[in-house]
Participant: 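Would you mind keeping the following structure in view while I ask a few things?
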There are 2 protein chains.
Amino acid sequence: MPEPLGEFQRRMLEFIVNYIRREGMPPTNREIGKAMKIASTGHVDYHLSMLEKRGYIVREAKKSRGIKLTRHPWGIPVEGTIAAGEPIEIFSEPDQTIEVGHGVDPESSFALVVRGQSMIEDHICDGDYVVIKRQRTCENGDIVVAVHLVEGIPGKATLKRFFLEKEQVRLQPANAELEPIYIPRDEWDREWEIQGKVIAIVRHYGGPGRAA
Amino acid sequence: MPEPLGEFQRRMLEFIVNYIRREGMPPTNREIGKAMKIASTGHVDYHLSMLEKRGYIVREAKKSRGIKLTRHPWGIPVEGTIAAGEPIEIFSEPDQTIEVGHGVDPESSFALVVRGQSMIEDHICDGDYVVIKRQRTCENGDIVVAVHLVEGIPGKATLKRFFLEKEQVRLQPANAELEPIYIPRDEWDREWEIQGKVIAIVRHYGGPGRAA
DNA sequence: CATTGACTCGAATAGCCGTTCTACTCTTGA
DNA sequence: TCAAGAGTAGAACGGCTATTCGAGTCAATG
């Protein structure tokens, strides 16, 4: 749906989103202009109409601060489904978001829907949302999203506890029926990547298609 | 901190909260006046200054729509701690809130912090937040907050799965080491009350005092 | 009765807001 | 070179906004 945006308009949208998050209300055209170093209010109006035409915002004509975001400002994107068991491709979800807040920075976080039972002993179930903080490193015992790189590009991903051992990395499921994945250090460094670690989980009961 | 509010100002604050939730921006004084059937904008300003003096809102002088709520609009209150094991008094938490959204109606929902392991087989852990939808009835198998009434007033509460059986109600923990609570139908009707059922859980990792 | 305090209205004001218009400067491509 | 399009500035306009002021009502209190 949304067309890609130029650098300038992308920064302008970013300012609007941050302003709303900070102030609890949308900015006026003049406030936008001041922040973006635009001298003319008409000029701001021009860019806003661009953002509107491309589906990023909706405006209410003539109303002061009449800007609405088409995506929920507090949501973080649900980027797809991840296997807790065997690594699978992260299957992308259509533009879904989940609201979290509570200290979660939406810029550096995203969510995945868990498939499978392999983290069940850590009480992460099929259908749960895991909230991931993007980071390239982690500590022993963290639950992480680990991605296998195939010729440098991300391939299959899995959700596991991370343990750095003498000669290898151990990706440990939380299910007695499943074996850990052992990866030699050099292969780990060459072919694997940490995408982030789990900072929260959210489970909905009774909703459509959720775990009971 | 907040002084109690008269009926009129309470409804006015409620309108403002709902307007923000609906429109994504605070209302203008005139919009408030129209909704509250107040003819004069000065009159609206008067009541707004009352709300501000009593700590319910903060205003930014001269700014259009310059109203901020002092409590987070999307949060639902964390009302206390509930035992998943033996019934305990619901221990009240200080004005904490947790952000949920995602279709959860803040008017009819609240959250509790879980203590104990008795719902562990349903993968609800010590330290998890359970989001409760207020309702007096429930269906078999729902996870509910059940309260024992002592002379009509709420006493101890517990978190269990609810099953209505022939001659009794069974409150079933999800922990093989614990026994269900059986309550005869007439005692149930006289002395117990459903406060609501679990519609979601939220778990934070790595934060202060959370379950690892 | 007189007073006080809470609440209400109507009008006025100064400034803010979104929008529109004209004119100008670039860059791109035919 | 010429035309088209995107981006910029400045000014102007009509409407909207928050705030203030003066005056009035009503109930409770002394």
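Just so it is clear, the model here is predicted, and its values are computed rather than measured.
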Participant: In a check of side-chain hydrogen bond (donor to acceptor under 3.5 Å, both in side chains) between R161(B) and each of N140(B), D142(B), D122(B), which one passes?
Facilitator: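 When N140(B), D142(B), D122(B) are each tested with R161(B), the side-chain hydrogen bond (donor to acceptor under 3.5 Å, both in side chains) holds only for D122(B).
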Participant: For nucleotides 8-13 of chain D, read 5' to 3', which letter fits each nucleotide if B means a protein heavy atom sits under 4.0 Å from the base, S means only the sugar-phosphate is that close, and - means neither?
Facilitator: BBBB--
Participant: Between K62(B) (NZ) and dC17(C) (P), how many Å, whole number?
Facilitator: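 Taking NZ of K62(B) and P of dC17(C), I get 12 Å after rounding.
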Participant: Mind checking whether W192(A) and F162(A) have ring centres under 6.0 Å apart?
Facilitator: no
Participant: Could you pull out all donor-acceptor pairs under 3.5 Å where a side-chain atom in residues 62-69 of chain B meets a protein atom, sequence neighbours excluded?
Facilitator:
from   : atom 1 : to     : atom 2 : distance (Å)
K63(B) : NZ     : E31(A) : OE2    : 3.2
S64(B) : OG     : S64(A) : OG     : 3.4
S64(B) : OG     : R65(A) : NE     : 3.1
R65(B) : NE     : S64(A) : O      : 2.7
R65(B) : NE     : S64(A) : OG     : 3.1
R65(B) : NH1    : P26(B) : O      : 3.1
R65(B) : NH1    : E31(B) : OE1    : 3.0
K68(B) : NZ     : E23(A) : OE1    : 3.1

Participant: When you measure from the side-chain N and O atoms of R59(A) to the phosphate of dT19(C), is any distance below 4.0 Å, counting only OP1 and OP2?
Facilitator: yes
Participant: Take atom CG of N29(A) and atom C1' of dT19(C), then tell me their distance rounded to the nearest Å.
Facilitator: 9 Å
Participant: Looking at R185(B), I want to see if its CZ is surrounded by more than 12 non-hydrogen atoms of other residues, nucleotides or ligands under 6.0 Å.
Facilitator: no
Participant: Using whole Å, report how far NZ of K63(A) lies from C1' of dT17(D).
Facilitator: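 For the pair K63(A) NZ and dT17(D) C1', the rounded distance is 13 Å.
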Participant: I need the CG-C1' distance between L51(A) and dA6(D), as an integer number of Å.
Facilitator: 15 Å
Participant: Measure the distance from CD1 on I57(A) to C1' on dG18(C) and round it to the nearest whole Å.
Facilitator: 13 Å
Participant: How are the rings of H123(A) and H123(B) set to each other: parallel, tilted or perpendicular (split at 30° and 60°)?
Facilitator: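 Plane angle between 30° and 60°, so tilted.
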Participant: Using atom CG of D45(A) as one end and atom C1' of dC21(C) as the other, report the distance to the nearest whole Å.
Facilitator: 12 Å
Participant: Roughly what angle, to 10°, lies between the helix axis at the start of the helix from dC1(C)-dG30(D) to dA30(C)-dT1(D) and the one at its end, five pairs per end?
Facilitator: 10°
